[in-house]
Protein chains: 2
Amino acid sequence: MTVLETMPTALSLCLTDVPHPRPAGQDHYTIGEVAEHTGLSAHTLRWYERIGLMPHVDRNHTGQRRFTNRDLDWLALVGKLRLTGMPVADMVRYAELVRQGDSTYRAREELLTAHREVVRQRIEELRSTLDVLDYKIDIYAGAHAAPEGV
Amino acid sequence: MTVLETMPTALSLCLTDVPHPRPAGQDHYTIGEVAEHTGLSAHTLRWYERIGLMPHVDRNHTGQRRFTNRDLDWLALVGKLRLTGMPVADMVRYAELVRQGDSTYRAREELLTAHREVVRQRIEELRSTLDVLDYKIDIYAGAHAAPEGV
DNA sequence: CGCTTGCCTGGAGTGCGCTCCAACTCTCTA
DNA sequence: TAGAGAGTTGGAGCGCACTCCAGGCAAGCG
């Protein structure tokens with residue numbers, strides 16, 4: 001825990017812009033450390049593993065999970081996909097493709113490309129509704145500015 | 001139902017750009033008609049009323065709901081807010097303010113302004129994650145284009 | 001040695017936003 | 001007059017994404 005105390009606690013902003021807390025070779029993190037680093041709860045991390053959203057996680061001699069830098073990278077990607085609103089089921093599907101190896105590159109590309117389109121449309125949807133909010137806000141602002149001068 | 005057959009079935013795109021199916025004075029719609037017009041289910045319309053998300057809806061002599069153009073306008077706004085991801089509880093709060101009359105203009109403006117900020121941040125969040133998707137997609141596209149020439 | 005802390009598990013519970021069910025009424029058409 | 005079709009209600013159920021609980025184990029500390 002002390003090692004991580006000065007590290008960012010939120011999900012990393014980009015896949016490459018947050019260095020790993022520990023260098024390769026010493027990258028063995030407890031579930032609590034990973035929870036703090038990613039902002040996910042330990043419950044959620046275990047749940048991700050149960051549903052197949054994590055590649056197999058190592059265990060130490062007493063059966064406790066030991067996460068690696070690779071796991072942190074994966075969780076950073078998952079966090080990104082989650083922010084875009086990708087359903088967990090789709091992320092599990094993607095994780096399965098990754099497990100199946102290099103032969104699934106095309107399928108992975110298609111999955112992500114389809115999702116990118118969803119995200120683009122969602123952005124457009126949000127932008128168009130902003131106009132409605134602006135319109136309504138203007139009305140209210142005018143209404144209580146005019147009659148009372150407040 | 002026949003009156004509505006040529007009307008748009010999706011949520012209206014803007015608060016003012018879809019004319020009412022029937023002119024003022026003849027604007028009495030059954031729940032089925034409203035469902036078709038808004039794209040919401042009759043179940044959902046009743047549920048909206050139950051939780052206080054609809055202003056009081058008129059009934060005919062046998063107790064069936066008769067929606068008006070005003071109700072359609074309200075549902076168009078609710079649909080917009082819903083598209084922005086506003087929680088139903090917040091929309092109910094907004095509906096309560098509307099019911100309380102003109103004295104709540106300021107509170108309504110604040111509610112919508114706060115939500116507008118949420119929407120703006122969400123757009124930014126989505127846009128930033130698009131970069132990650134582009135990055136990943138490029139990798140996959142390059143990977144299966146290079147080794148096989150597909 | 002006991003206590004605390006952190007981890008383990010399977011399974012139950014939660015909050016949101018619907019979605020549907022059972023049992024009923026009313027109106028219209030054949 | 002019978003049946004179809006659309007409406008009514010309160011309340012139960014569902015899918016998603018967690019979130020928590022009970023009961024237990026292992027390590028470290030005074």
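Reminder, nothing fancy here: chain letters follow the sequence lines and each chain counts from 1.
If you take CG on B/Asp90 and CG on B/Leu81, they are separated by 9.5 Å, rounding to the nearest 0.5 Å. The CG atom of B/Leu112 sits 5.5 Å away from the CD1 atom of A/Ile137 when rounded to the nearest 0.5 Å. Expressed to the nearest 0.5 Å, how far CG of A/Leu45 lies from CG of A/Leu75 amounts to 6.0 Å. Distance check, rounded to the nearest 0.5 Å: OG1 of A/Thr68 to CD of A/Gln26 gives 13.5 Å.
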Enumerate all atom pairs, one protein N or O and one N or O from nucleotides 10-13 of chain D, separated by less than 3.5 Å.
from, atom 1, to, atom 2, distance (Å)
D/dG10, N7, B/Arg50, NH1, 3.2
D/dG11, O6, B/Arg50, NH2, 3.4

Please tabulate, one pair per line, each protein N/O and nucleotide N/O from nucleotides 14-18 of chain D that are separated by under 3.5 Å, including the distance.
from, atom 1, to, atom 2, distance (Å)
D/dA17, OP1, A/Val88, N, 3.4
D/dA17, OP2, A/Val88, N, 3.2
D/dC18, OP1, A/Arg82, NH1, 3.2
D/dC18, OP2, A/Tyr48, OH, 3.4

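The shortest side-chain heavy-atom distance between A/His20 and A/Asp27 does not fall under the 4.5 Å cut-off. Residues A/Glu124 and A/Gln121 form no side-chain contact, since every pair of their non-hydrogen atoms from C-beta on lies 4.5 Å or further apart. The closest side-chain heavy-atom distance from B/Lys136 to A/Leu77 is below 4.5 Å. Using a 4.5 Å heavy-atom cutoff, the side chains of A/Glu117 and A/Arg120 are in contact.
In this structure, the CZ atom of A/Arg66 is 11 Å from the C1' atom of D/dA27, given to the nearest Å. Rounded to an integer number of Å, the gap from CD1 of B/Ile31 to C1' of D/dG5 is 15 Å. Note: NE2 (B/His43) to P (D/dT9) measures 13 Å, nearest angstrom. Taking atom CG on A/Leu45 and atom P on C/dC7, their separation rounds to 11 Å, with Å as the unit. To the nearest angstrom, C1' of D/dG7 lies 13 Å from CD of B/Glu49.
Axis angle between the ends of the helix from C/dC1-D/dG30 to C/dA30-D/dT1, five pairs each and rounded to 10 degrees, works out to 20°.
No donor-acceptor pair closer than 3.5 Å links the side chain of B/Arg116 to the backbone N or O of A/Asp134.
In the region residues 54-65 of chain A, proximity to DNA chain D at under 4.0 angstrom, judged on heavy atoms, holds for A/His61, A/Thr62. Taking every heavy atom of residues 111-122 of chain B and every atom of DNA chain C, no pair lies under 4.0 Å.
Note on A/Glu125 versus A/Arg122: salt bridge recorded, some NZ/NE/NH1/NH2 to OD/OE distance being below 4.0 Å.
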Using distance only, find each side-chain donor-acceptor pair of residues 91-99 of chain A under 3.5 Å and give its atom names and separation, not counting sequence neighbours.
from, atom 1, to, atom 2, distance (Å)
A/Tyr94, OH, B/Tyr140, OH, 2.7
A/Arg99, NH2, A/Gly52, O, 3.3

